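First up is the structure itself, then whatever we jot down about it.
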Amino acid sequence: MIDLHSHILPGIDDGAQSLSESIEMARKAVEQGIHKIVATPHHLNNTYENPKQSILAKVKELNEALLEEKIELEVVPGQEVRIHGEMLEGYAAGEILPVNHTPYILVEFPSNHVPRYTEKLFYDLQMKGLIPVIVHPERNREVIERPELLYQLVKKGALTQITAASICGDFGKKIRNFSLQLIEANQTHFIASDAHNIRNRSFKMREAFGVIGQKYGNELVYYFEENAALVIGGKHVYKEDPERIKRKKLFNLF
Ligand code: FE
């Protein structure tokens, strides 16, 4: 299994704080059945800078440590970019690091809203051959209140990634139900852990795929697993036309 979103690199954001914590997380990931994990430290969220080159160096170090510990997990480089108006300039300046040097960039919205310039920015990114992957839209307050916003972005080519723990109900029933509705409406393409530690923000991938398999069948589990592999390889992912979330269903959220 591949995990596209994690804060496993030590001491550079609010994820693992030390190398020993990274190694603990790596052991946990392997227990979950993960063999490849994308390290996606925060970029421009709070005080975290984490430009491309420093992430590449840290990934190399962690892979060496895992080899020494005989842990069968490969770390590949990535970044969780807080959305900002100068993303294209940041990419051109070599500060932004897409997943494993592919065209796929993980983009995070502020937790309460979706900036007005998002649609234009995503258009510009796509014109440059880059593909925005919106991370955890199910935890964004404005997306929950106005799901039409996400529908429009997905319709225009953005991809989305839901957090495994959201599907397990760790962020509450409302977020769990909304996550399932996004899946049902073909508005999400990946499930990833966004693991920060092994205590309160752990992997939950196996558990989330358990829920998905039980509710929708294993075909959908394979779909998500396959899509993660396609992203890492820089290939086109599978996607269906998104549908709007039905009003009646939305109402059930509250
Ligand atoms: Fe994250």
Side-chain angles (χ1 to χ4, degrees), residues 1-17 21-22 24-26 28-29 32 34 36-52 54-55 58-59 62 73 75-84 87 90 95-100 102 104-115 118 131-144 150 158-168 170-172 175-176 178-179 182 188-205 207-208 224 227-228 231-232:
M1 190 194 295
I2 294 168
D3 186 2
L4 290 176
H5 182 165
S6 76
H7 299 268
I8 194 170
L9 292 181
I12 57 171
D13 66 3
D14 55 347
Q17 294 303 299
E21 219 184 307
S22 299
E24 271 178 6
M25 284 178 75
K28 192 74 175 176
Q32 286 261 313
I34 296 164
K36 216 177 250 196
I37 189 165
V38 187
T40 54
H42 290 291
H43 176 56
L44 301 183
N45 169 339
N46 297 324
T47 50
Y48 308 122
E49 277 282 340
N50 296 320
K52 177 177 174 176
S54 72
I55 296 171
K58 286 271 179 188
V59 166
L62 182 54
L73 178 72
V75 184
V76 302
Q79 196 181 43
E80 177 175 10
V81 182
R82 172 59 70 104
I83 194 166
H84 59 286
M87 275 181 66
E95 286 159 13
I96 285 181
L97 172 57
V99 173
N100 203 22
T102 66
Y104 296 95
I105 298 183
L106 298 196
V107 183
E108 178 195 40
F109 293 153
S111 58
N112 284 332
H113 75 286
V114 179
T118 301
I131 303 162
V133 178
I134 303 165
V135 301
H136 43 71
E138 80 283 3
R139 284 154 49 199
N140 182 285
R141 204 187 65 196
E142 194 175 7
V143 171
I144 295 171
L150 190 72
L159 301 174
T160 82
Q161 171 255 304
I162 283 179
T163 302
S166 296
I167 291 164
C168 301
D170 291 15
F171 297 100
I175 288 178
R176 177 185 191 271
F178 188 49
S179 302
L182 291 176
T188 197
H189 313 86
F190 314 103
I191 309 296
S193 77
D194 195 8
H196 282 64
N197 55 55
I198 60 165
R199 299 176 306 277
N200 57 337
R201 292 291 303 277
S202 194
F203 291 91
K204 298 291 188 94
M205 293 286 280
E207 294 83 347
F224 286 125
N227 262 357
V231 163
I232 300 273

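All values reported here derive from a predicted model rather than from experimental measurement. Counting starts at 1 for both ligands and their atoms, following the listed order.
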Could you verify whether a donor N or O on one side chain and an acceptor N or O on the other, from Glu80 and His5, lie under 3.5 Å apart? yes
Which N, O or S atoms belonging to the protein are less than 2.8 Å from the Fe ion (ligand 1)? His5 NE2, His7 NE2, Glu80 OE1, Asp194 OD1
Across all chains, not counting sequence neighbours, the salt bridge (charged side-chain N to carboxylate O under 4.0 Å, His left out) partners of Glu21 are Arg199
Is any side-chain heavy atom of Thr40 closer than 4.5 Å to a side-chain heavy atom of Glu108? no
Would you say the side chain of Ile144 lies within less than 4.5 Å of the side chain of Ile175, judging by non-hydrogen atoms? yes
Pair Met25, Phe203 - check side-chain contact (heavy atoms from CB on, under 4.5 Å), show working. CA-CA 9 Å; Met25 284 178 75; Phe203 291 91; 4.3 Å; yes
Sidechain-backbone polar pair: Glu49 side chain, Thr47 backbone, donor-acceptor under 3.5 Å: no
